[in-house]
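Below is one structure; the comments refer to it alone.
If you read the sequence from its start, that first residue is 1, and numbering goes on from there.
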Amino acid sequence: MLQPKRVKYRKVHRGRRAGSAHSGNTVAFGEYGLRADANAWITARQIEAARRVFVRFLRHGGKLWIRVFPDKVVTKKPAETRMGGGKGAPEEWVAVVKRGRMMFELAGIGEEAAKKAIRLASYKLPIGTSLVAREVSDVEI
């Protein structure tokens, strides 16, 4: 499962999830991308479940890029605990994903296979997602 090797602080504030992604919102590496249509925390387990779906489709050739990393810790207090006593213990790692963020990218497989893989992987995620294809430009650099 994905998580940072070490962090500066053990516990972090919850923060805000409003707004849309300004960076990481285009297909940069692959040919097809899985884009988030809402704001959410995506857990390391959910990222791993989606990655496994993609790996099944890429077994015959192709490449996968994971564009999100769970670097925020979420804490929880034990069940049936009274109020107070400080913040709870670290429970899981999450990636803060904003609307429009490209979460996964695929290359080296056909469009139909990419659509099927992205549809199945989206079932593993708690938010609505959409398929995005790379825009081909006619300008030579």
Side-chain angles (χ1 to χ4, degrees), residues 1-139 141:
M1 216 108 39
L2 292 172
Q3 73 178 52
K5 285 186 175 67
R6 56 190 295 270
V7 289
K8 191 167 184 182
Y9 299 106
R10 240 176 97 235
K11 301 172 182 178
V12 295
H13 290 179
R14 292 174 67 85
R16 289 181 179 85
R17 287 180 277 193
S20 58
H22 298 294
S23 63
N25 55 2
T26 59
V27 180
F29 303 103
E31 298 162 7
Y32 304 100
L34 177 70
R35 180 178 62 197
D37 291 340
N39 302 329
W41 283 347
I42 309 294
T43 67
R45 289 178 186 277
Q46 291 162 348
I47 294 170
E48 176 65 14
R51 185 195 68 82
R52 286 184 179 184
V53 170
F54 285 125
V55 166
R56 263 209 326 269
F57 279 85
L58 297 173
R59 197 167 284 154
H60 309 294
K63 188 156 171 50
L64 170 69
W65 288 268
I66 302 173
R67 301 274 311 269
V68 291
F69 185 80
D71 56 354
K72 180 189 191 79
V73 71
V74 174
T75 60
K76 286 219 174 97
K77 293 186 69 105
E80 299 178 10
T81 305
R82 291 187 175 194
M83 292 272 113
K87 195 170 183 174
E91 182 76 14
E92 61 185 357
W93 293 91
V94 298
V96 178
V97 174
K98 290 194 170 188
R99 178 176 75 248
R101 175 74 189 211
M102 206 61 59
M103 295 191 291
F104 298 92
E105 291 188 25
L106 296 167
I109 60 173
E111 186 174 359
E112 288 304 313
K115 279 183 181 176
K116 192 172 180 186
I118 285 177
R119 183 174 52 84
L120 291 175
S122 68
Y123 293 147
K124 307 290 183 184
L125 300 171
I127 55 174
T129 59
S130 54
L131 168 80
V132 180
R134 178 189 278 268
E135 294 178 8
V136 180
S137 61
D138 298 331
V139 180
I141 298 175

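Heavy atoms of other residues, nucleotides or ligands lying less than 6.0 angstrom from CZ of R45 number 12 at most.
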Which donor-acceptor pairs under 3.5 Å do the side chains of residues 100-114 make with protein atoms, sequence neighbours left out?
unit_1 : atom_1 : unit_2 : atom_2 : d
R101   : NH2    : R67    : O      : 2.5
E105   : OE1    : A28    : N      : 3.3
E105   : OE1    : F29    : N      : 2.7
E105   : OE1    : G30    : N      : 2.7
E105   : OE2    : A28    : N      : 3.1
E105   : OE2    : R67    : NH1    : 2.3

Check: residues 68-87 side-chain donor-acceptor pairs under 3.5 Å, at least two apart:
unit_1 : atom_1 : unit_2 : atom_2 : d
K72    : NZ     : H13    : O      : 2.8
K72    : NZ     : R14    : O      : 3.0
K77    : NZ     : G84    : O      : 2.7
K77    : NZ     : G86    : O      : 2.7
T81    : OG1    : P78    : O      : 2.7
K87    : NZ     : V12    : O      : 2.6

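Contact record, A40 with I127: CB-CG2, 3.2 Å, taken as the closest heavy-atom pair. Considering all non-hydrogen atoms of both residues, R10 and P90 come closest at NH2-CD, 3.5 Å. Contact detail for A36 and V97: the closest heavy-atom pair is CB-CG1, 3.5 Å. For the residue pair I47 and A95, the shortest heavy atom distance occurs at CD1-CB, 4.3 Å.
Sorted by first and then second residue, the pairs that involve residues 50-66 and meet salt bridge (charged side-chain N to carboxylate O under 4.0 Å, His left out), not counting sequence neighbours, are E48-R51, E48-R52. Listed by first and then second residue, the ring-ring contact (aromatic ring centres under 6.0 Å, His included) pairs involving residues 70-97 amount to none (not counting sequence neighbours). For the side-chain hydrogen bond (donor to acceptor under 3.5 Å, both in side chains) condition, the pairs that include at least one residue of residues 17-39, sequence neighbours left out, are R35-S130, D37-S130.
In this structure the side chain of L131 never reaches within 4.5 angstrom of the side chain of L34, judged on heavy atoms.
Y123 meets the side chain to side chain contact (heavy atoms under 4.5 Å, CB included) test with R119, L120; sequence neighbours excluded.
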